[in-house]
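Please read the structure below before turning to the comments.
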Protein chains: 2
Amino acid sequence: MSSIRERNRALILRAASEEFAAKGFAAAKTQTIAEHAGLPKPNVYYYFKSKENLYREVLASIIEPILAASAPFDPQGEPREVLSQYVRAKVRISRELPHASKVFASEIMHGAPHLAADLVERLDRQARHNIACLQGWIDQGKMAPIDPQHLMFTLWASTQTYADFDWQISTVTGKPKLDEADYEVAVKTILTLVLAGCGLPA
Amino acid sequence: MSSIRERNRALILRAASEEFAAKGFAAAKTQTIAEHAGLPKPNVYYYFKSKENLYREVLASIIEPILAASAPFDPQGEPREVLSQYVRAKVRISRELPHASKVFASEIMHGAPHLAADLVERLDRQARHNIACLQGWIDQGKMAPIDPQHLMFTLWASTQTYADFDWQISTVTGKPKLDEADYEVAVKTILTLVLAGCGLPA
DNA sequence: GTCTATAAGCCGATAGAC
DNA sequence: GTCTATCGGCTTATAGAC
């Protein structure tokens, strides 16, 4: 029911993701978002109350996928499989949710001023869990001793970069958009470094 | 001579780096920059003409250091040494010029709308040169065959992340600021992955 | 629920005194 | 060269008709 409501909210959210990703929160205009959604500006306020609220919803939409990408991190798991699945999942997010990914990155870059405290808490807890898993595997001799915190930073950065710095990637590769095969090479390249660095032979 | 002019320009540039890094171009206020510099707002306009101009100067200030970090890329060089020096130089930039680094990253994230065409050209040329060097070494059998473009993306992302996502890094490590030893671990960790992945044993 | 027309406030930029 | 005081435009947000 209320299909119009759901449809319009979805249209606005999609337009907002693109606009916030392209310009950042402050530079984005609700006017432009409305035009992009094919609706008059007051509808944006009717459905989302304020620009900030709309931004927060875009931000919230990327949190679950990001947390879900860490699902493979299980102390019982095999490092090789866990890292492979994690990198693959994170690159997939950069590919399939590029706008929200970029909004999230921009938010983190500026110190997460709009990110709800409970979301910060969940993200932080997840990061600590992943790092603890890595440390556990190192202690058990299942992988080479490498600093798990800095390993996570590199994993995060190297996968996220396909969304965040897509302009740079397009410029260097000469392709406006990477295709399926390009993303496969990306995953393989990151995994070659990570698995070799962790002493996990193919 | 004109030491006041130089001093005031420097004060404003420093304050602007911090403000632009913290808030982004659009959200940054010239008022706040002026206050941070300990000068009245019109001085900012007197010395820099416009907010955009000031921003461009901050941006330009990081380009030379970034290009200089690629200096080790020489076809005659040893991959192991070149990569080590590059990673070390890029991490040093993230540490020593964190604000300008972040401004640069934010600019790239948004498609480089303010970056002068000649600077874009130089950065692009440098990236292609680095990639060509890597490909040359691979062809000569001096390093393992890995996609050089994607390797550069990971190098860029993993070193840049120490400036761009300092908030995340502080949260996870529990340290407001990393110290000398932390940055050394960062470099070592990135190099462990990169050198192992490139088949370049210690 | 939808949209036109407008209010309210903020911020970049400058005029003009010193 | 420096700064106070102010303008003018732009954008968020809403009132109120439909």
Side-chain angles (χ1 to χ4, degrees), chain A residues 1-60 99 103 106-107 110-111 113-116, chain B residues 1-60 99 103 106-107 110-111 113-116:
Chain A
M1 60 169 245
S2 74
S3 61
I4 290 178
R5 185 178 188 83
E6 287 314 307
R7 200 189 70 105
N8 284 352
R9 277 184 55 97
L11 282 172
I12 293 166
L13 273 174
R14 191 145 58 94
S17 293
E18 289 175 23
E19 175 74 355
F20 286 135
K23 313 270 186 66
F25 175 73
K29 297 178 218 172
T30 54
Q31 180 66 258
T32 306
I33 293 172
E35 282 166 10
H36 237 83
L39 293 167
K41 188 170 62 159
N43 278 31
V44 172
Y45 288 89
Y46 174 69
Y47 287 119
F48 292 93
K49 183 83 177 164
S50 71
K51 179 184 176 181
E52 166 133 7
N53 222 50
L54 174 56
Y55 177 80
R56 290 177 118 105
E57 289 219 25
V58 171
L59 206 50
H99 306 302
V103 171
S106 185
E107 174 70 12
H110 297 116
H114 304 280
L115 196 57
Chain B
M1 57 166 243
S2 74
S3 61
I4 290 180
R5 185 177 187 84
E6 287 314 307
R7 200 189 70 106
N8 284 352
R9 277 184 55 95
L11 282 172
I12 293 166
L13 273 173
R14 191 144 59 93
S17 294
E18 289 175 22
E19 174 74 355
F20 286 135
K23 313 270 185 65
F25 175 73
K29 297 177 218 173
T30 53
Q31 179 67 258
T32 306
I33 293 172
E35 283 167 9
H36 240 82
L39 293 167
K41 186 168 65 156
N43 278 33
V44 173
Y45 288 88
Y46 174 70
Y47 288 119
F48 292 92
K49 181 87 176 161
S50 70
K51 179 184 176 180
E52 166 133 10
N53 221 50
L54 175 55
Y55 176 78
R56 289 178 121 104
E57 290 220 26
V58 171
L59 206 49
H99 306 301
V103 171
S106 185
E107 174 70 12
H110 296 116
H114 304 280
L115 196 58

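Predicted, not measured: the structure shown is a model, and the values here were computed from it.
A salt bridge links A:Glu57 with A:Arg9: the closest approach of a Lys/Arg side-chain nitrogen to an acidic carboxylate oxygen falls below 4.0 angstrom.
In this structure, A:Tyr45 atom OH and C:dT6 atom P are separated by 18 Å, rounded to whole Å. Here the C1' atom of nucleotide C:dG12 and the CZ atom of B:Phe48 are 16 Å apart, to the nearest Å. Protein atom CG of A:Leu54 is 15 Å distant from nucleotide atom C1' of D:dT11, rounded to whole Å. Atom-to-atom, OH of B:Tyr46 to P of C:dA15 comes out at 15 Å; the value is rounded to the nearest Å. Here the C1' atom of nucleotide D:dT12 and the CD atom of A:Glu52 are 12 Å apart, to the nearest Å. The distance between atom NZ of A:Lys49 and atom C1' of D:dT14, rounded to the nearest whole Å, is 10 Å. Here C:dG12 presents its P atom at 4 Å from NZ of B:Lys51, a figure rounded to the nearest Å. Atom pair B:Tyr47:OH and C:dT14:P shows a separation of 17 Å (rounding to whole Å applied).
Comparing C:dT14, C:dT2, D:dG1 against the side chain of B:Pro42 picks out C:dT14 as the nearest. Comparing C:dG12, D:dT2, C:dG1 against the side chain of A:Arg5 picks out C:dG1 as the nearest. Closest contact between the side chain of B:Asn43 and the listed nucleotides D:dC3, D:dG1, D:dA13 involves D:dC3. Taking the side chain of A:Lys41 as heavy atoms from C-beta on, and the options C:dC3, C:dT2, D:dA13, the nearest nucleotide is D:dA13. Closest to the B:Asn8 side chain, of the nucleotides D:dT2, D:dA13, D:dT14, is D:dT2.
If you check residues 11-36 of chain A against DNA chain D, the residues with a heavy atom closer than 4.0 Å are A:Ala28, A:Lys29, A:Thr30, listed by number.
At distances below 3.5 Å, at least one donor-acceptor pair connects side-chain atoms of A:Glu19 with backbone N or O atoms of A:Lys29. Side-chain atoms of B:Glu107 do not come within 3.5 Å of backbone N or O of B:Leu59 as any donor-acceptor pair.
A cation-pi arrangement, defined by a distance under 6.0 Å to the six-membered ring centre and an angle within 45 degrees of its axis, is present between B:Lys51 and B:Phe25.
Heavy-atom minimum distance, A:Val103 versus A:Ala21: CG2-N, 3.6 Å.
Note: A:His114 and A:Tyr55 meet the aromatic proximity criterion, with ring centroids under 6.0 Å apart.
When only modelled atom types and interatomic distance are considered, B:Thr30 and B:Tyr45 share a side-chain donor-acceptor pair under 3.5 Å.
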